[in-house]
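Here is the structure we will look at, set down as structure tokens.
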Amino acid sequence: MSFTVTHRYGCMDRDPPISDLPRLLDELLDRPEDVEHGAVAVTHESEWSISVARGGYVLFEHLENGGERHMLEVQDEDILRMWQLLAAGEIAELELFPWKPGYE
């Protein structure tokens, strides 16, 4: 299975090593005053995506079909675990997390 990461300033990489995901998350620490570029994401080839904004706001959605759900104040280690599951195509396991419907 294939996945893509979207960096804070819009650059994308296909199938990077899983070991690169902590650096993707660390991009949110740079330039906190830049609110326009405040999210990073991992998207599975099935179009399921998990984007993360500063403060641990996590959005899980299907980019074509919707179904948006979110969590607030998620810890970095939990975000990294979710991204790993998504990269592996483990959508059913991700759906078991305590998501709240819609956007915050």
Side-chain angles (χ1 to χ4, degrees):
M1 299 253 166
S2 182
F3 70 99
T4 304
V5 299
T6 304
H7 296 274
R8 184 170 167 200
Y9 296 103
C11 182
M12 299 171 81
D13 292 319
R14 183 174 206 86
D15 297 321
I18 293 296
S19 61
D20 285 357
L21 294 179
R23 282 191 295 268
L24 179 68
L25 193 55
D26 286 346
E27 290 179 19
L28 296 175
L29 302 175
D30 185 47
R31 298 185 61 222
E33 71 280 1
D34 183 0
V35 295
E36 181 180 350
H37 303 102
V40 294
V42 173
T43 304
H44 185 261
E45 66 183 9
S46 64
E47 295 298 316
W48 281 100
S49 179
I50 295 178
S51 59
V52 178
R54 284 188 195 99
Y57 174 80
V58 177
L59 179 66
F60 178 47
E61 64 183 327
H62 191 278
L63 298 178
E64 293 293 320
N65 300 329
E68 300 84 10
R69 48 202 110 159
H70 71 277
M71 283 191 276
L72 302 173
E73 299 178 6
V74 180
Q75 299 298 310
D76 289 355
E77 58 272 6
D78 295 326
I79 292 168
L80 293 170
R81 176 71 181 134
M82 286 186 257
W83 277 346
Q84 290 171 359
L85 288 168
L86 182 62
E90 299 292 338
I91 308 306
E93 192 167 339
L94 284 166
E95 290 177 332
L96 298 175
F97 281 76
W99 301 104
K100 296 178 183 176
Y103 300 105
E104 171 61 24

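Considering Leu24, Thr6, Val5 as possible partners of Val40, the one that fulfils the side-chain contact (heavy atoms from CB on, under 4.5 Å) test is Leu24. Test Trp48, Tyr103, Trp83 against Phe60 for ring pair (Phe, Tyr, Trp, His ring centres under 6.0 Å) and you get one pass: Trp48.
With rounding to the nearest 0.5 angstrom, the OG atom of Ser49 is 11.5 Å from the CD atom of Glu64. Interatomic distance, CZ of Arg69 versus NZ of Lys100, reported as 15.0 Å (0.5 Å rounding). Atom CD of Glu27 and atom CZ of Arg54 lie 11.0 Å apart (nearest 0.5 Å). Distance check, rounded to the nearest 0.5 Å: CD of Glu90 to NE2 of His44 gives 9.0 Å. Note that OG1 of Thr43 is 10.5 Å distant from NE2 of His62, once rounded to the nearest 0.5 Å. Between Leu25 atom CG and Asp20 atom CG the span is 13.0 Å, to the nearest 0.5 Å.
The two residues Met82 and Val74 make their nearest non-hydrogen contact at CE-CG1, 3.5 Å. Among all heavy-atom pairs drawn from Asp13 and Pro16, the shortest one is O-CD, 3.9 Å.
Residues Tyr57 and Leu94 fall into different hydrophobic clusters, defined by Ile, Leu, Val, Met, Phe, Trp and Tyr side chains chained together at heavy-atom separations under 4.5 Å. Note on Leu21: it does not cluster hydrophobically with Met12, by side-chain heavy-atom contacts below 4.5 Å among ILVMFWY residues. Hydrophobic clustering, with ILVMFWY side chains joined whenever heavy atoms are under 4.5 angstrom apart, groups Val42 together with Ile18.
Checking side-chain atoms of His7 against main-chain N and O of Tyr9 turns up no donor-acceptor pair under 3.5 Å.
The pair Glu93-Arg81 meets the salt-bridge criterion, since a charged nitrogen lies less than 4.0 angstrom from a carboxylate oxygen.
In the displayed structure, Glu73 atom CD is contacted under 6.0 Å by at most 12 heavy atoms of other residues, nucleotides or ligands.
Two residues are said to be in side-chain contact when any heavy atoms from C-beta on lie closer than 4.5 Å; Leu86 and Ile91 meet this criterion.
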